[in-house]
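Comments concern the structure below.
Convention: sequence-line order gives letters A, B, ...; per-chain numbering from 1.
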Amino acid sequence: MLLAIETSCDDTCAAVLEGGRILSNVISSQAAAHAGFGGVVPEIAARHHLELAAPVVEAALGEAGVTLDDVDAVAVTAGPGLIGALLVGVSTAKAIAAARRLPLIPVDHLQGHVAANFLEPEPLEPPFLCLVASGGHTMLAAVRDHRGHEVLGRTLDDAAGEAFDKSARLLGFGYPGGPLIQQEAEGGDPEAFEMPVAMSRDPGLDFSFSGLKTALVYRCRELGPEGVAERRADLAASFQKAVVDQLVAKLRRALKKGRWDAVALGGGVAANGPLRAAVAELCERQGVRLKLVPLALCTDNAAMIGSAARWATPIPYPLYLDYDAFATGERPVDGPKTQGGLEFSARQQVRS
Amino acid sequence: MIAEAHLGLSARGRPLHATGLLAEVERCVAAAGGWEGVDLVAVGLGPGSFTGLRVGIATAKGLTLSLGLPGRGVSTLEALGAGIGAAGATGERLAVLDGYRGEVFVALYDAEGTTIWEPAVMRPEVLAERLDQVATPPSVAGSGAIRFRDELDGAGGIHIPDDADPIHRVAARHICALAATGKGSEALEPIYLRPPDAERWRERDSFQRAD
Ligand SMILES: [Zn+2]
């Protein structure tokens with residue numbers, strides 16, 4: 001049995017897994033705490049994680065109806081993410097594991113999103129193509145086995161969810177922006193404003209969303225505050241369409257490049273209705289199976305971390321005592337492209 | 001005392017909380033004969049570096065949860081004050097920690113360890129002015145006293161011991177001793193003394209808008 005902890009961004013999460021079966025999956029969202037800022041504030045996130053981590057772990061054990069005596073290993077998100085937030089999860093997980101001499105399994109957050117598809121019921125078996133889009137990351141990955149993934153494309157600037165949040169702020173919506181833009185867009189005309197479909201001429205599979213945001217800034221300036229208020233639904237619909245179009249265009253291109261039988265969608269942006277519909281349509285036309293995990297497994301959660309941990313390398317006690325988290329950007333972008341089970345080295349301990 | 005460890009900085013001058021703390025905890029516990037011999041996990045709640053506090057408190061919370069042990073959090077300034085007393089001070093004790101950003105974390109305790117000045121964050125010049133109002137100079141120590149020696153030494157007649165004096169270090173044994181006598185709190189809530197940056201900006205923005 002596995003206890004998993006995830007604190008890479010603004011959700012404090014813990015889960016208990018028995019093989020690929022979820023016994024509990026507790027998510028304590030901090031969205032309200034960050035709403036007034038229009039985005040995640042790292043210091044506020046870290047403070048909340050410290051308050052919530054232990055109670056959330058206890059809730060996960062309680063909901064699963066187990067105690068730590070039943071747990072064989074502790075899995076934790078080691079990165080990438082907000083370093084202050086990650087440190088709380090890693091410190092908590094290390095202490096829980098060390099006190100009981102249990103192994104620790106550090107997990108790559110993005111491999112977690114991939115591994116959400118391996119969970120029961122109806123686990124998706126590799127190989128498949130995986131699109132992960134959220135507030136923190138946007139990537140297209142080739143998943144050929146359970147242990148890792150190959151990044152085929154990633155965003156060169158903003159993440160898709162980040163673009164939604166920034167645009168929501170421009171249009172005067174709250175945070176998180178995705179659901180609010182989708183809601184507003186329902187009454188709008190997606191063709192009303194022309195938005196650049198970035199990277200459409202780029203032959204690669206990378207994404208870019210900052211140009212879209214800039215285009216929206218110009219439209220808003222042209223319209224003035226009153227015009228924006230009047231055309232808000234059209235602006236939201238046009239912006240949303242441009243994001244969805246780019247994501248789907250790259251997915252289509254990736255499908256063309258390789259031979260894939262299945263596509264999986266993950267990350268918070270996977271909750272977007274028009275994106276789901278567009279991807280479903282694409283998959284149907286191409287005769288490819290589409291796997292959509294439940295929403296609670298799309299957004300950040302600990303069950304997906306536990307799922308990835310099943311194929312990652314456990315670090316036996318006491319070799320992980322000096323294990324450290326790593327922040328977004330700390331891993332060399334041009335490094336080895338296949339990621340998954342995190343390599344570890346018991347560093348020389350420095351004492352004074 | 002059975003065992004105590006103190007981790008300084010790495011060779012590159014970085015704190016070792018995240019990589020070093022748990023290993024030292026394990027070594028101290030091993031010296032005590034294992035967790036079976038431990039009744040309480042005590043932890044310094046700050047003030048201090050935000051990251052350092054979170055690693056310390058998250059570790060303590062993880063240990064208490066895992067072992068089913070009670071935990072107790074103690075003010076780091078109070079522990080520093082207790083250390084000043086243990087070093088032989090007979091009067092009041094002024095605990096001054098480096099508060100970063102050009103400020104100090106400070107608290108004043110009497111000879112029995114009772115709080116006279118609640119923990120606060122302030123500029124060293126402001127502390128120097130406050131010290132000028134104090135009748136008898138307290139004994140002083142801490143990383144903030146070292147850092148702002150130029151601003152603080154002599155203020156109100158205080159004398160800051162040599163930088164190398166161990167009195168300046170917060171010792172884990174004083175955290176333990178205070179917790180064992182029931183000081184501090186069961187809730188392991190950090191003492192930040194500062195709102196997160198974003199909240200400060202928001203306050204400032206709304207203040208400017210109200211102007
Ligand atoms: Zn994520």
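Contacts between A/V57 and chain B at a heavy-atom distance below 4.5 Å involve the side chain alone, from C-beta outward. With a 4.5 angstrom heavy-atom cutoff, A/A53 does not touch chain B via any of its atoms. Heavy atoms closer than 4.5 Å to chain A are found in the side chain of B/T51, but not in its backbone. At a 4.5 Å heavy-atom cutoff, the contact between A/A46 and chain B is made by backbone and side-chain atoms alike.
In this pair, A/H34 and A/H48 present their aromatic rings tilted. The plane angle is within the 30 to 60° band. By the 30° and 60° cut-offs, the orientation of the rings of B/Y192 relative to B/F50 is perpendicular.
Both the sub-6.0 Å distance and the 45° axial angle are satisfied by B/R130 relative to the ring of B/W117.
Residues A/L3 and A/L68 have side chains in contact (heavy-atom distance under 4.5 Å, counting atoms from C-beta outward). The closest side-chain heavy-atom distance from B/R93 to B/L108 is not below 4.5 Å. A/V107 places none of its side-chain heavy atoms less than 4.5 Å from the side chain of A/V76.
The candidate with the highest count of non-hydrogen atom pairs below 4.5 Å against chain A, out of B/G62, B/A60, B/S66, B/A5, is B/S66. When the candidates A/E43, A/R100, A/R47 are compared by the number of heavy-atom contacts under 4.5 Å with chain B, A/R47 comes out ahead. Among the candidates A/G84, A/P42, A/S91, the residue making the largest number of heavy-atom pairs closer than 4.5 Å to chain B is A/S91.
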